[in-house]
Amino acid sequence: DPGGGVAAFERRLDDAHFAYKADLFATWSLAARGHPASAGEASAVREAFAAIAREVGRAPLRLAHRDFQSANLHVRSDRLPGERLVMIDLQGALLAPPEYDLVCLLRDSYVELEAAELAHQLERIRPQLPDAPDPDAFAWRFDLLTLTRKGKDHARFLYAARERGDRRFLRHVPATVRALREATARLAERAPRFSAIAALVAELPETPCAE
């Protein structure tokens, strides 16, 4: 029993997770254009996210923090010499493709990396991942998961502003939209079935109205 009774080993990134993210994106992100999504547009989002669920469902599963980003990584100083990096917010950990935590970290909406730095870090880390995925599969899954993860983040930033009056996260919308555009453009170039979602992402403003 590799899980040793740890709940995270009983959970996995599954179809339900992607369906939830699709609904968030269709409802809140597409409304950033100034009008709600049409039935056809919402369907295009659901189809794209379902396709991603099928694609990444064939990937190897590894333990993932699930929210491995700057806000949850802290340097703790104590009475012992030196400093120690610690993680918080572990309750959502589950089994996911090896690229999942990398998307959270390197596509962090709070810390936007330059394109060259992002590429460098991806190439540096890829050979060290379990099973060392080949560059093509690795880049493909990274973009697929970028769409679903950043799509969810974008939707939640807008939901917080519109429904709760919490506008703190709106400053992170531009970086999130840029990440979505880059990923979906590559996905559409490689697979025409992602052309519809790429076109919808291209319409998202970097500075949406939160009213």
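Residue indices begin at 1 and follow the sequence shown.
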Take atom CD of E189 as the centre, draw a 6.0 Å sphere, and report whether it contains more than 12 heavy atoms from other residues, nucleotides or ligands. no
Output for pair (D153 CG, K21 NZ), nearest 0.5 Å, gives 8.5 Å
Is it true that E182 and K150 make a salt bridge, defined as a side-chain N closer than 4.0 Å to a carboxylate O? no
Check whether I52 and L13 end up in the same hydrophobic cluster, where Ile, Leu, Val, Met, Phe, Trp and Tyr are linked by side-chain heavy atoms less than 4.5 Å apart. yes
For D136, is there any backbone N or O sitting under 3.5 Å from a side-chain donor or acceptor partner on D134? yes
Taking all non-hydrogen atoms of both residues, which atom of A26 and which atom of A37 are closest, and how far apart? O-CB, 3.6 Å
Quick one: do the E55 and W140 side chains pair a donor with an acceptor below 3.5 Å? yes
So for atom CZ, which belongs to R193, do other residues, nucleotides or ligands contribute more than 12 heavy atoms lying within a distance under 6.0 Å? yes
Can you name the nearest heavy-atom pair linking R54 to R58, along with the distance? O-NH1, 3.6 Å
In this structure, are over 12 heavy atoms from other groups packed under 6.0 Å from E114 atom CD? no
More than 12 heavy atoms of other residues, nucleotides or ligands under 6.0 Å from CZ of R156: yes or no? no
Can you get from L145 to I125 by hopping between Ile, Leu, Val, Met, Phe, Trp and Tyr side chains that sit under 4.5 Å apart? yes
Taking atom CZ of F18 and atom CG of L144, what is their separation to the nearest 0.5 Å? 8.5 Å
State whether the side chain of T184 and the backbone N or O of L180 hold a donor-acceptor pair below 3.5 Å, judged by distance alone. yes
Can you name the nearest heavy-atom pair linking A44 to A196, along with the distance? CB-CB, 4.2 Å
For the side chain of D14 and the backbone of H17, is there at least one donor-acceptor N/O pair under 3.5 Å apart? yes
Ignoring hydrogens and angles, state whether a donor on the side chain of H154 or T176 is under 3.5 Å from an acceptor on the partner side chain. no
salt_bridge(E123, R126) N-O dist < 4.0 Å: yes
Can a salt bridge be assigned to the pair R178 and E112 using a cut-off of 4.0 Å between side-chain N and carboxylate O? yes
Between R171 and R168, is there a donor-acceptor pair closer than 3.5 Å when you use the side chain of the first and the backbone of the second? yes
Salt-bridge present (R149, E99; N to O < 4.0 Å): no
So, does S195 use its side chain to make a donor-acceptor pair with the main chain of P192 at under 3.5 Å? yes
Could you label the plane-to-plane angle of the F157 and H172 rings as parallel, tilted or perpendicular, counting under 30° as parallel and over 60° as perpendicular? tilted
